[in-house]
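For ligands, and for the atoms within them, numbers begin at 1 and follow the listed sequence.
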Amino acid sequence: MKDLRFALFGTGFWANYQLPGWLESPGVRCTALYNRTRSKAEALGQLYGIGAVYDNAAELLEKEPVDFADICTGVETHAHLVRLAASKRLPVVCQKPLAVSLEEAERMLADCRAAGVALYVNENFRWQTPIRAFKSELDTGAIGRVFRARISMVSGFPVFQNQPFLRDLPQFVLTDVGSHVLDVARFLFGEAASIYCQTHRVHTDIQGEDVATVILHTVNDATVLVEMGYAENYLERDRFPETFIFAEGERGSLELGPDYWLRTTTSTGTHLRRTPPPRYAWADPAYDVVHSSIVPCQANILSALRGEGEAETTGDDNLRTVRLVFGAYESAAAGRVVRFQ
Ligand code: 89V
């Protein structure tokens with residue numbers, strides 16, 4: 001099997017995990033780095049022995065023979081970099097959130113399609129060990145058809161310390177956390193027929209909203225409440241970055257609670273098991289369950305890049321999540337339910 005070579009665009013906080021995440025899979029190598037501040041790319045390059053470092057993305061693509069591009073920059077640069085890679089006929093993997101608007105995401109997909117290149121999204125939350133276990137348990141049918149569920153990622157984690165740029169986003173928590181948890185909602189409970197959302201800004205020193213509550217009505221006739229927030233309100237059960245999930249079905253209930261405990265309750269009683277994520281030396285222990293989920297997400301994309309089946313998190317699939325994110329903003333602004341066709 002020939003190694004796949006890729007260029008990583010963006011060497012900020014997340015690149016420290018995205019890069020070693022790829023290297024957990026056999027047959028893939030990062031051979032070039034781009035960052036608009038060259039010294040940051042050089043620092044990461046030194047750590048991983050990557051000498052080809054650029055502060056000009058077009059020049060990198062001109063000079064470096066790579067098999068795909070991995071884009072890990074700020075959301076405002078995604079469209080430009082995706083198009084640049086597509087113009088070189090390179091498959092692209094892009095970090096979430098895919099785009100600054102639904103229209104921009106649609107144009108990016110159309111441009112990749114026109115260029116004949118595949119677009120994938122590094123949407124890792126659905127690949128978390130406990131969330132995969134939750135899905136497998138749902139799929140056994142033990143709790144029957146789900147009619148109501150709650151997904152919650154609410155914490156007081158000081159997220160701006162590691163990712164200060166998040167303070168300046170005019171649209172924050174729905175794009176940053178909502179992109180993940182609304183994707184998890186689709187993954188577990190199916191597509192949404194409608195959405196309703198309310199938001200708050202609790203921090204006084206940020207541009208966007210830091211608290212959002214979403215109600216989805218799914219095409220399977222389930223009501224899904226999705227809560228997210230970074231209000232730094234010192235919750236007793238603050239276990240960032242764990243996502244808690246509770247689903248009520250016609251024959252039982254399923255709960256993913258703190259410390260990765262999964263509880264299935266049916267007429268026969270409660271079955272309890274722990275579903276902890278694997279631990280990687282390069283992962284930040286404060287982000288364990290999230291960082292470890294980068295590995296299976298990328299492995300799934302790699303299989304698709306090698307022509308061994310379709311990836312889960314394609315651009316087309318992620319567009320449905322992007323539609324939920326911006327549908328939520330539309331709902332919050334208008335104070336009404338937004339229905340999808
Ligand atoms: O995955 C992310 O985008 C991070 C997190 C949600 C963990 O804070 O920003």
Item to complete: Heavy-atom contacts with His180 under 4.0 Å: which atoms of ligand 1 show up? List them by number with element.
Response: 1 (O), 2 (C), 3 (O), 6 (C)

Fill in: Aromatic ring proximity, centroids under 6.0 angstrom, Phe165 and Phe160
no

Worksheet, complete the sentence: re atom 6 (C) of ligand 1, the protein heavy-atom contact at minimum distance is Tyr230 OH, 3.6 Å

Discussion item. Over 60° means perpendicular and under 30° means parallel, so tell me whether Phe240 and Tyr287 are parallel, tilted or perpendicular.
Written reply: perpendicular

Practice prompt. Using the ring pair (Phe, Tyr, Trp, His ring centres under 6.0 Å) rule, pick out the option among Phe6, Phe9, Tyr120 that qualifies with Phe68.
Written response: Phe6

Worksheet, complete the sentence: Near Lys96 (heavy-atom distance under 4.0 Å), the atoms of ligand 1 are 2 (C), 3 (O)

Worksheet item: Which of the atoms of ligand 1 are close to Asp176, meaning less than 4.0 Å from one of its heavy atoms?
Response: 3 (O), 6 (C), 8 (O), 9 (O)

Worksheet item: Mind checking whether Trp14 has an N or O less than 3.5 Å away from an N or O of ligand 1?
Response: no

Worksheet item: Do Asp316 and Arg113 meet the salt-bridge criterion of a basic N to acidic O distance under 4.0 Å?
Response: yes

Worksheet entry | Aromatic plane relationship, Phe326 with Tyr329 - under 30° parallel, 30 to 60° tilted, over 60° perpendicular | tilted

Fill in: Salt-bridge present (Glu330, Arg336; N to O < 4.0 Å)
yes

Response to the item:
The protein heavy atom nearest to atom 7 (C) of ligand 1 is Phe240 CZ, 4.0 Å

Worksheet item: At a non-hydrogen distance cut-off of under 4.0 Å, which region of Tyr17 contacts ligand 1 (side chain, backbone, both, or neither)?
Response: neither

